[in-house]
Amino acid sequence: GAGVSQSPSNKVTEKGKDVELRCDPISGHTALYWYRQRLGQGLEFLIYFQGNSAPDKSGLPSDRFSAERTGESVSTLTIQRTQQEDSAVYLCASSITTSGGTDTQYFGPGTRLTVL
Amino acid sequence: AQSVTQLGSHVSVSEGALVLLRCNYSSSVPPYLFWYVQYPNQGLQLLLKYTSAATLVKGINGFEAEFKKSETSFHLTKPSAHMSDAAEYFCAVSVVSYDKVIFGPGTSLSVIP
């Protein structure tokens, strides 16, 4: 079956513009994560959606970042007034877990964001 | 809150030599532990995971990891390195009651012919 897909694969934008990144999780996966990976660095947790529960937004770096998820399907990560420091690969992952983070995460290919 | 450290951001081994990538965790409750691998220009994929069953966990491509509670460690090993093992390796921890998975900073493995 299809894996996690993300679009666009690459996004170049000017400082101050808003961008929207999309993630399509694997069908039936109740959990969805967004991570940021700066060049040569590890994965930085941003936000976590689990079913109909309130999302865990504890990793969002500022109020310029927001994310939404419709039910158990598509999620969008929005970055307003982009800054050069936002340049990174944004990764989405989904998993089937319903009771805690014990299940395998399946990662998308990422969106490479470059802010000029 | 849980956290993960990985000793050594870069590790180089000769082809055929032992691979040892270190991971230590911090958690107030029994953790679930994962190793993910990111091959060049590819997405992350799971290597193996520990979920409170056997302490020695075997994964794909000949890798294994041992959970040692007394040392709060979950080191990744492979007896004989292949060139194809060159990649970025991430250790991650999760706690049931918190759900989210926290990743370590990663270790870049180079294999020298």
Side-chain angles (χ1 to χ4, degrees), chain A residues 2-7 9-10 23-26 29-60 67 88-112, chain B residues 1-10 21-23 25 27-53 57 59-60 67 74 87-110:
Chain A
V4 178
S5 61
Q6 292 185 245
S7 61
S9 56
N10 282 283
C23 172
D24 282 272
I26 294 172
H29 281 196
T30 56
L32 187 147
Y33 300 76
W34 282 99
Y35 295 92
R36 178 169 68 181
Q37 186 176 26
R38 290 195 169 109
L39 186 63
Q41 298 187 24
L43 276 72
E44 178 185 0
F45 167 78
L46 296 178
I47 188 168
Y48 166 63
F49 296 90
Q50 173 55 68
N52 294 321
S53 301
D56 180 342
K57 303 180 180 180
S58 60
L60 294 178
V89 175
Y90 289 83
L91 293 166
C92 176
S94 70
S95 73
I96 203 167
T97 185
T98 59
S99 61
T102 62
D103 292 288
T104 302
Q105 290 179 292
Y106 294 85
F107 282 83
T111 293
R112 183 176 299 278
Chain B
Q2 67 273 33
S3 65
V4 176
T5 57
Q6 293 182 242
L7 183 62
S9 58
H10 298 278
L21 304 182
R22 299 178 186 275
C23 172
Y25 69 90
S27 174
S28 58
V29 297
Y32 298 88
L33 295 158
F34 308 80
W35 275 100
Y36 283 84
V37 61
Q38 186 174 34
Y39 296 106
N41 300 316
Q42 295 186 32
L44 280 96
Q45 58 181 288
L46 182 73
L47 263 183
L48 50 80
K49 64 181 179 181
Y50 166 77
T51 57
S52 75
V57 181
I60 62 172
F67 172 68
F74 190 58
E88 190 83 18
Y89 291 82
F90 295 94
C91 184
V93 64
S94 173
V95 173
V96 173
S97 61
Y98 288 95
D99 288 352
K100 67 187 180 190
V101 177
I102 301 298
F103 281 77
T107 296
S108 177
L109 175 66
S110 298

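All chains are named by letter (A, B, ...) in the order of the sequence lines, taking the proteins before the strands, and each is independently numbered beginning at 1. Bear in mind that the values here come from a model prediction, so they are computed numbers and not experimental data.
Looking at Q6(B), neither its backbone nor its side chain comes within 4.5 Å of chain A, counting heavy atoms on both sides. With a 4.5 angstrom heavy-atom cutoff, Y36(B) touches chain A only via side-chain atoms. For Y106(A), no part lies near chain B; criterion is any non-hydrogen pair under 4.5 Å. The contact between Q37(A) and chain B is made entirely by side chain atoms (from C-beta outward), counting heavy-atom distances below 4.5 Å.
Rounding to the nearest 0.5 Å gives a distance of 8.5 Å between CZ of F103(B) and OH of Y33(A). From F107(A), atom CZ reaches atom CG of L46(B) across 9.5 Å, with rounding to the nearest 0.5 Å.
The 12-atom threshold is not exceeded at CG of L39(A), counting heavy atoms of other residues, nucleotides or ligands nearer than 6.0 Å.
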